[in-house]
Each structure stands twice: as structure tokens, then as C-alpha cells.
Protein chains: 2
Amino acid sequence: MRTIEWDEKKDSVKLIDQSLLPGEYKILECKTLEALIDAIQSLKVRGAPALGAAGAFGVVLACTNEKSKGDVKKEVERLKKARPTAVNLFYGVNRTLNVAMPGRTLQEMKKYALEEARRIADEDVVVNKKIGDYGSELLEDGDVILTHCNAGRLACVDWGTALGVIRTAIEKGKRIEVIACETRPLNQGSRITTWELLQDEIPVTLIADSMSAVVMREGKVDKVIVGADRVVKEGVINKIGTYMHAVVAKEHKIPFYVAAPLSSFDIERSYKEVEIEERSPEELIFFGAEQIAPLEVKVYNPAFDFTPFELIEAVITEKGVLYPLLLTKGGYL
Amino acid sequence: MRTIEWDEKKDSVKLIDQSLLPGEYKILECKTLEALIDAIQSLKVRGAPALGAAGAFGVVLACTNEKSKGDVKKEVERLKKARPTAVNLFYGVNRTLNVAMPGRTLQEMKKYALEEARRIADEDVVVNKKIGDYGSELLEDGDVILTHCNAGRLACVDWGTALGVIRTAIEKGKRIEVIACETRPLNQGSRITTWELLQDEIPVTLIADSMSAVVMREGKVDKVIVGADRVVKEGVINKIGTYMHAVVAKEHKIPFYVAAPLSSFDIERSYKEVEIEERSPEELIFFGAEQIAPLEVKVYNPAFDFTPFELIEAVITEKGVLYPLLLTKGGYL
């Protein structure tokens, strides 16, 4: 199945529970907005494009369960606040709500919302395939690509952004290998990216995040491709660690690419205006049930960081490859 | 107690089991060389200077348990191979064995070995205090120091190298705060450095390794200080991740210091001649009992990396502060 779908029979949002991978593949049913918000906050569903679809299907859920138009509007506001950094969640909610609002009854609203949510999900797959098409032209036969976090099938509805580029390149007959950074503290790289790539039999090597500089120095990396939670005026906001990889890529003269749909663009805004989600200290003090740091230690745990365009060779979108330095110098961004 | 000591009553090496921290503080007794080698390989005792003492006390253990001079020589060869990268292990074994060999009986050899091993341990503390003295002059009141892995009391016999510099600076009345990187995959930073600093009430904030670039960009770091497993002709071999921090420190114009005793120096040798220990894939596939990556995934897991002198402001030793770029330009190194 896709990463996230609407289950017509059960009137619920069903999604692949990503917090259990790779040990267990389980489908989670969210029958309430509460359950969906919890799934978002505990990263059972994550990745900017997938959050867009989650927002959209969340509106359908609200139309299903609420008693009035006012309640729907109120409830989806809570959904929009589930995670603050990726712009797609707001985008998915707003776009679906706008289409649903003209409905005269809750049932009609739900019908409109579901049509729009499905359109968003289908579009996401089409968009990712286009990103794959454009991006794959940048890759050469034999390339080794370093990636961080998971910008794959499971970060989207299907196919993936950064990993979508790799999938399309392979589909076109290029031999591509991947180096996946584990992505602390929640290990989306080790848990999800490696799992997803092995499912497709794409060769992948797992490293700790701090090893990226070493594999680059050893000449083992040809390009870096990551996703984006939000593309802003001066650069890209993405999973914590992205900026570090970008700095070391520059030091080793390795091109650094971002693959992102235009729905992740928010280029009127400065990165300074975007709330960077700070997550619980427990993510660094515990690993599962195991305590790995003193309980009383102070922790700094931002979930995302900002990478300026100066460090980014290009942003791969469904409309083509943007070279931000050229654009900013030309005054376009 | 010290990190590692000889227990006269039990004729054994006793050491703080660092693999259990911070959850449990337990003293491990090694009555056989086998047990000591296992303790070294499973990182129950780790850190270049502590490994020097472990090597020295291991020779005492061999003299206690073996039946002939030949067996002692053979057994300590195995000890020297327990971990390949830190030079101090070989240094500790060789120095102690050289002193023990003239002994006419195994008992006399043991007596000589024990005296020498204790001298090595005591010297380590004196050396660390001197490193602390020199290094503390480089720190200013109010400095925030980023460190990686554990180059503290528990990496040495006592006091510490990188953390020793911080301890001495605080003893001299300077207010110093520490940012500790968790240090994947074995989390010596979260497990040991934060624990050790909190014991001494030194303010410490824990971050994931990939966050170092962000805290530097945000202006939260004044200096970086790390230890060394081996100082070679062209730079420093230290815990994996060190090179990455050094690259991002340079990008943010933050001075990067290495604190290391001269016993870690091996400057006739090129880094290319030093074996970088590659550890088990399981360290990245499991966390404790929890599986965090597919069992069949390929893993690259070097335990150390090489940082060239170009990225190092100075190496703090017990004989003074060496500025490697000045030395290499002057032809001294």
C-alpha cells in the first residue's frame, strides 16, 4: 500500500507505522483526529510530503467525526499545530479545507474533502515521478549518493523525493549505490531508508552521521541528495544534520542537492521566521527502554536545521532543476 | 577510585566498567588476561591513556598467571592486539615488559612490572594535570567548549586530557560550560562525558553529533577540545566524528584543540600506516536489544578517523602547547 491512504470501509486514515520499522511492518488505523495527531507527533507518519497528505486526510476525518462546520474548522487548527516545521502539513489542511467548506452538509464537505485529499495524494506521486525524471539526469552511471534521514517512499505518498531521484535513475538503467546516514536521534536513516532501499534491492551502506566527512574524504561519495521540510528565502530547512553534511560536502567539493516538491516551498519567508521544532530530551537520554545518559543532563534537541543556498548546488523540483545561487544572483528568489 | 588500578589483595586488575554507565557504577575485577582483553575490546575500559595503564597492568597480570618468561612475552603480544589504533596500549605493554624482563624469577618480574605499571599510572595523572595547566591558559572565562567522545577522567587514570583542561580552567576560577556530542555508535559522550561532568557539577549540554555544525553556526561554541588516540606525522587520529567536527569548526572559524600526552605521539608514522579499527556492524544495527536497521544491511563502521594538522589550532601536551602548522612549516614535525 501507499504510505498513507483513506480507508473507505472503516472511515479512517490508514498508514504504515514507521516507528516500528524495520522490526515490524504494521498498518495503523486512525479513526479520530486525536489518533492522527498522535501518529504525526510520534513520527509514525513523517516526511514533508506525507504530512501534506496526512493533513488532507485529517480534514476528511474531521468532516466524518465532527458535528458542525465550526467544529471542523476548530479541530483542523489543532491538526495544523501537530508539528511546526514542515510547511506541507498546513498546505494539505488548508487546501483540503478550502475545497470542503462550500459543502452544504457535513456529508457533502466530507465528499469534497475526500476528493481533494485523494487528488493531493495522487498529485504527490506524479510530482515525485517528475522530480525523479529531472533529478535522474544529474546522476551518472556508477554514482554513489549519500543521503540523510528518509526522503523516500515512506516520507511521501509513494516513490520519494531524494530516493525517488535514485529510483528513477536506476529505472533508466544507471547503476547507483546509496550511503545512508543513520540520522540521530530517531534513526530514520537506519530504520526506514535502508529498509526501503533493500526492499527495492538498491545497494545501500549504513553509516553513523558523523562518518559522512570521512566517506567523503575517502572519495566514496559522488553526490549528496536530501529532501526538504521547507524551502525558504535563503535556503532549505531539513532534518537536523543536513547543514553539517552540506558544510563537509563543500569542503570536499561534492555537489549537494535538495529534492523537494513546490508544495514545500515557502520562499516569501525567512528561515528566521520558521519555528524549528525542539523535541523531547528523552530522545537523547533513552534509546528505547535503555538509558544512555544521566536523567538530569541538559539536552538541546532541535529536529531540523537550516542550510543556506550557498552550500546547495541545486534544488530538484517537479518543474525542473533550480540553481538557487543563479536565481538569487538574478534576483528571482 | 581511579579508572583502573591494581588490586594487591586479589591479584587482579580492577576497573570501572564504563559500558554500564550511566545506569550502573560497577567495579570489574580482571583476574586473567583473557578477562582484561575482553574488557578492552568491549570498551569496559577505553580511552588512549587508560589503555596505556591497562597494558601496563596487563603485564603484571601475565607475570602473575604465566608459568615462564616465554609465556609472559607471548601472552602480552595478544594483549597488544586487543585494539589496534591507540598507540598507548603498545606503549604501556612495552615499557612495562622492558622493565620486568631482567627479573630472574616470575615473582621478581611481577614486582618490577607492578612498580613500573604504578609509575605509568601515577605519571598519567601528573601528565594530565600539566596538560590541564597549559591548556587552561587557552580558555577564557565564560567559554563554551564543545567536545566529542570522552577524553576525561574515565579515558585516563584520572583528571582527563580534554576534560582535564576544562577541570583545571574551572579550578583556576574560570566559568566554563561544555557541549558534549553523544558520539555514535557507542555513545561515550552521552554515557560517560555527561556523567563525569555532572559528578563534578560542571554545566553540560548533550547534543547529537550532527548538531555540532548548528550550535557553531548559532554562535554557541567558543572552542572545540578533543583527545587523541594517536598523534601522527600529518595530524591526529581520534574517535570517529572528530574530523567532521574539525571541518565544521574551520567553516565557523572556531579554534579546534587536541589535548594529548606525548605517550600518544607516534610522529614518525603516517596516518596511512595506522590501522583504523573497524568494529562490528551490530553497533549500528542494534541499540542494546533493540533492532534499528535491517539485519542484512551493509555497514561501514570505522571507530576512528584522521584529522590533518591544517584543521588543528594546537595540540596541548604536558610539555606545552604545540602549534603544528608552525612546527611543520618550521620543519620540526
Side-chain angles (χ1 to χ4, degrees), chain A residues 21-23 148 179-185 187 189-191 194-195 197-199 203-215 217 220 239-248 250-252 281 283-285 287-302 305-306, chain B residues 21-23 148 179-185 187 189-191 194-195 197-199 203-215 217 220 239-248 250-252 281 283-285 287-302 305-306:
Chain A
L21 291 173
H148 187 66
I179 294 177
C181 297
E182 63 168 350
T183 315
R184 289 286 294 151
N187 289 72
S190 35
R191 287 184 191 274
T194 60
W195 182 83
L197 292 172
L198 287 176
Q199 291 266 317
V204 55
T205 302
L206 174 64
I207 62 169
D209 304 324
S210 73
M211 294 171 192
S212 73
V214 171
V215 291
R217 187 171 204 277
K220 290 176 178 162
K239 177 56 53 193
I240 188 75
T242 302
Y243 174 58
M244 179 264 286
H245 296 307
V247 169
V248 296
K250 179 189 155 201
E251 171 79 10
H252 298 92
E283 292 183 351
L284 282 159
I285 295 177
F287 206 112
E290 195 180 353
Q291 186 197 331
I292 55 169
L295 299 178
E296 66 276 28
V297 73
K298 196 175 145 196
V299 171
Y300 179 52
N301 185 19
D305 60 27
F306 166 72
Chain B
L21 291 172
H148 187 65
I179 294 178
C181 298
E182 64 169 347
T183 316
R184 289 287 293 153
N187 289 72
S190 33
R191 289 183 190 275
T194 60
W195 181 83
L197 292 173
L198 287 175
Q199 292 265 316
V204 55
T205 302
L206 174 63
I207 62 170
D209 304 325
S210 73
M211 294 172 193
S212 74
V214 171
V215 292
R217 187 171 203 276
K220 290 177 177 163
K239 177 54 56 193
I240 187 75
T242 302
Y243 174 58
M244 181 262 287
H245 296 308
V247 169
V248 297
K250 179 190 153 201
E251 172 79 11
H252 298 92
E283 292 182 352
L284 281 158
I285 295 177
F287 206 113
E290 194 180 353
Q291 185 198 331
I292 55 168
L295 300 178
E296 66 276 26
V297 75
K298 198 176 144 195
V299 170
Y300 180 52
N301 185 18
D305 60 27
F306 165 72

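Residues A:Val297 and B:Val204 are in side-chain contact: their nearest non-hydrogen atoms beyond the backbone lie under 4.5 Å apart. Using a 4.5 Å cut-off on side-chain heavy atoms (C-beta onward), B:Val299 and A:Ile207 make no contact. Put simply, the side chain of B:Leu206 does not reach to within 4.5 Å of the side chain of A:Tyr300, judged on heavy atoms. You'll find the side chain of B:Pro302 reaches within 4.5 Å of the side chain of A:Met211, heavy atoms only. In this structure, the side chains of A:Gln291 and B:Pro22 come closer than 4.5 Å at one or more pairs of heavy atoms.
Put simply, NE2 on B:His148 and OG on A:Ser210 are 5.0 Å apart, with the number rounded to the nearest 0.5 Å. For the atom pair B:His245 NE2 and A:Met244 CE, the distance stands at 8.0 Å (nearest 0.5 Å). Atom CG of residue A:Leu198 and atom CG of residue B:Leu295 lie 10.5 Å apart, to the nearest 0.5 angstrom. Distance check: A:Leu284 CG to B:Asn187 CG gives 8.5 Å after rounding to the nearest 0.5 Å. Separation of atoms SG (B:Cys181) and CG (A:Asp209) is listed at 11.5 Å; rounding is to 0.5 Å.
When the side-chain hydrogen bond (donor to acceptor under 3.5 Å, both in side chains) test is applied to A:Glu251, the partners found at least two apart in sequence or on another chain are B:Lys250.
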Show your reasoning for whether side-chain contact (heavy atoms from CB on, under 4.5 Å) applies to B:Arg184 and A:Glu182. CA-CA 10 Å; B:Arg184 289 287 293 153; A:Glu182 63 168 350; 2.6 Å; yes
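For A:Lys220, the NZ atom is densely surrounded, since the number of other residues' heavy atoms within 6.0 Å is greater than 12.
Ranked by non-hydrogen atom pairs under 4.5 Å with chain A, the options B:Asp305, B:Thr183, B:Thr194 are led by B:Thr194.
Ring geometry for B:Tyr243 against A:His252 counts as perpendicular: the plane angle is over 60°, on a 0 to 90° scale with 30° as the lower cut.
Residue B:Ile240 touches chain A through both its backbone and its side chain, counting heavy-atom pairs closer than 4.5 Å.
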